[in-house]
Amino acid sequence: MRIESIVAGAVNRFFEENNLPLPDQSMIQIQKTRREFSGDITLVVFPLIRIMKKSPAEAGEELGRYLKQLPQISEFNVIKGFLNLLIESSYWTRFVSEIYSKDNYGISEKSGPADTVLVEFSSPNTNKPLHLGHIRNNLLGYSISLILEANGFDVKKVNLVNDRGIHICKTMLAWEKWGDDKSPADAGMKGDHFVGKMYVLFENAYRKEVDELVAGGMSVEQARIDAPLMVEAREMLRKWEGGDPGVYRLWEKMNGWVYEGFDVTYRKLGVSFDRIYYESDTYHTGKEIVEEGLAKGILKKKEDGSVWADLTDRGLDEKLLLRSDGTSVYMTQDLGTAVMRQKDFNAGKMYYVVGNEQDYHFRVLSLILDELGYEWAGSLHHISYGMVELPSGKMKSREGKVVDADNLIDEMIETSGRLSAELGKLDGVSGEEKEDIIRKIGMGALKYFILKVDPKKNMVFNPEESIDFNGNTGPFIQYTHARICSLMNKAGEHGITPERGESGIITLTGKEVRVVSLLHDFPDVITEAGKNSSPALIANLLYDLAREYNQFYHDHPVIRENDDRVRNFRLQLSLATGNVIRMGMGLLGIEMPEKM
RNA sequence: GGUUCCGUAGCUCAGCUGGAUAGAGCAACAGCCUUCUAAGCUGUGGGUCCCAGGUUCGAAUCCUGGCGGAAUCACCA
């Protein structure tokens with residue numbers, strides 16, 4: 001049993017034996033002892049003094065004397081209402097001996113098909129390549145999926161591709177006009193970048209047209225509608241919706257280019273999906289659902305033919321679901337997608353990893369599904385994450401103020417290679433192995449940089465100051481792991497391997513205890529990370545662990561230790577640390593080199 | 001304007017459902033490699049936790065009101 005539960009149980013017994021009312025569970029607060037005091041864990045006695053009717057000092061003393069009887073508690077002291085408990089080394093050595101060789105420590109087994117959950121992430125538009133904002137989305141979505149799996153859920157990762165709409169038509173029109181019938185291969189570009197370039201060509205020419213119309217005296221709003229390019233794009237959208245074979249072929253061809261490009265980026269990021277949905281499919285279902293709602297009288301049609309959901313009873317406004325011309329909007333498609341998915345997977349929960357700019361949209365989506373009578377409407381859960389901003393503010397694709405995903409990835413790997421060379425770290429390694437290590441480190445730096453930040457918060461990325469490889473970074477944690485691998489190899493060469501079982505009666509140093517106690521926290525952190533959809537919690541623990549381990553490593557001999565029992569414990573401790581780091585980083589989607 | 005979120009060191013971020021003298025990293029400066037990987041370790045300086053009230057034995061954390069910033073409130077997605 002975990003030490004916190006043992007102590008909490010003993011506190012309860014104390015009240016029982018003294019015929020006092022039992023304290024509420026929330027009153028038994030156990031936390032880590034702050035470093036400046038002596039002890040490992042601390043019971044906060046303030047909440048208990050009311051029942052005990054004693055001063056904090058007296059209550060602490062009394063509880064301390066009682067708890068010291070536990071075989072796991074060796075010492076105690078009371079300072080200002082805080083009861084600090086020193087844990088017997090044998091508790092820690094036994095704990096380490098139990099987990100050091102497990103490759104599933106902290107991981108919950110799958111609990112069955114009833115616990116299927118669905119995670120949507122990525123959700124790209126097919127008119128431009130992925131940028132840093134998408135990277136955050138993909139890394140979060142993928143990591144959260146892994147974390148939910150580690151919490152025992154059967155996770156389905158799904159992607160919803162926004163492959164239809166006016167923005168796609170803009171790229172098609174631009175290609176027809178200025179593409180010279182070239183393919184991405186002809187242009188020597190990745191498909192998504194090539195199509196993205198078409199989008200930019202359109203936007204630039206369109207802006208020029210608008211400017212000219214405005215100069216001629218037209219209002220900006222009207223100019224945006226009347227600009228010849230926009231008229232053509234809308235015409236193309238109508239043809240697409242009408243199933244015009246020529247337009248449809250072009251649409252398929254250009255989307256194909258984009259998907260080829262996306263695949264490359266996804267592979268580099270190491271993300272994958274169990275199922276991909278396309279809005280060009282789901283919007284049909286969405287329309288049907290709206291028609292049904294209309295027939296049932298839940299939705300209402302206005303005179304101009306547009307269809308609305310009335311959410312004024314719920315404290316919100318009315319929401320448009322079909323335009324007056326009968327075409328669907330964003331919400332329509334999301335309704336369809338949700339219903340299709342529920343049919344496909346019957347998931348207990350559907351998570352949407354989507355930026356916080358869409359908080360309102362998802363509140364409305366869930367409410368409308370509820371209005372329409374879907375009893376699973378409450379199972380939608382928006383994992384809302386903050387924007388990635390540049391020092392100059394928000395990224396804006398139309399102004400070219402974006403950090404391109406592929407460029408960034410390439411730069412990270414390049415930097416990784418340069419640093420390795422400067423430090424002479426991989427001089428003994430060559431070829432594919434070397435490339436692989438360099439790639440893992442570069443990607444580790446990028447992924448950790450993004451994931452260590454609380455998802456809910458906006459974060460700032462400064463392209464001028466490239467992502468660090470020292471300090472609180474992915475490579476720092478990877479390095480710690482590589483060190484441990486190297487240590488174990490060296491130990492093996494000396495014929496030293498950790499022996500199973502407890503290492504015998506030894507007294508641990510403060511640094512050893514700090515490392516063990518972080519390992520001890522790992523399962524709880526996985527649980528919390530699952531509940532809060534926050535990979536950052538895992539990242540923070542791993543950083544603390546790596547830092548504490550490096551301190552331990554700095555001033556404790558392992559292989560060179562003469563006392564067999566101590567040496568064995570330190571080997572187990574090192575192995576356990578390496579395993580937890582590897583598993584934990586695995587949950588962030590970060591690979592671990594064995595040397596670097 | 002309504003709603004939601006945010007405001008912690010020069011910069012980037014931790015700080016869990018209230019607990020001890022608010023912590024890391026980067027940047028700056030000063031040290032540590034005949035010893036298991038120096039992408040490491042140690043030390044120094046750096047704070048009105050936006051402001052003002054309130055609740056509490058105790059508030060960066062909870063409540064109210066300001067100030068500042070962001071998002072959203074589309075027949076865009």
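Letters go in sequence order (proteins before strands), and every chain restarts at 1.
Side-chain to base pairing of A:N84 with B:rA20: one donor and one acceptor N or O lie within less than 3.5 Å of each other.
Heavy atoms only, all atoms of each residue included: A:K511 and A:D555 are closest at NZ-OD2, 3.5 Å.
Results of the ring pair (Phe, Tyr, Trp, His ring centres under 6.0 Å) test with A:F476 over A:Y448, A:Y543, A:F469, A:Y549 single out A:Y543 as the only residue that passes.
Under the Watson-Crick or G-U wobble criterion, with both distances below 3.5 Å, B:rU48 has no partner in any strand shown. Of the nucleotides present, B:rG54 is the one that pairs with B:rC62 by Watson-Crick or G-U wobble criteria, both distances under 3.5 Å. With a 3.5 Å ceiling on both atom-pair distances, the Watson-Crick or G-U wobble partner of B:rA30 is B:rU42. If you check B:rU35 for Watson-Crick or wobble pairing at under 3.5 angstrom, you find it has no partner at all. In this structure, B:rG1 forms a base pair with B:rC73, meeting either the Watson-Crick or the G-U wobble geometry with both donor-acceptor distances under 3.5 Å.
Within the structure, every side-chain polar atom (N or O) of A:Y549 is placed at least 4.0 Å from both OP1 and OP2 of B:rG40.
Distance from the side chain of A:H167 is smallest for B:rA77 among the nucleotides B:rA77, B:rC36, B:rA24. Across B:rA20, B:rU37, B:rC13, the shortest atom-to-atom separation from the side chain of A:Y479 is found for B:rU37.
Base orientation at B:rC67 is anti, since its O4'-C1' glycosidic dihedral falls outside 90° of 0.
Contacts of A:H556 with the nucleic acid, taken as non-hydrogen atoms under 4.0 Å apart, include base atoms. Using a 4.0 Å heavy-atom distance criterion, A:F449 is classed as making no nucleic acid contact.
In this structure, the side chain of A:N137 does not engage the main chain of A:G133 through any donor-acceptor pair within 3.5 Å.
A straight line from CD1 of A:I441 to P of B:rU37 spans 16 Å, rounded to a whole angstrom.
For A:F46 and B:rG58, the ring-to-base geometry does not satisfy the stacking test (centroid distance below 5.5 Å, interplanar angle below 30°). Applying the 5.5 angstrom centroid cut-off and the 30 degree plane-angle cut-off, the aromatic ring of A:F82 is not stacked upon the base of B:rG19.
Nucleotides B:rG43 and B:rU4 have their C1' atoms positioned 45 Å apart, rounded to a whole Å.
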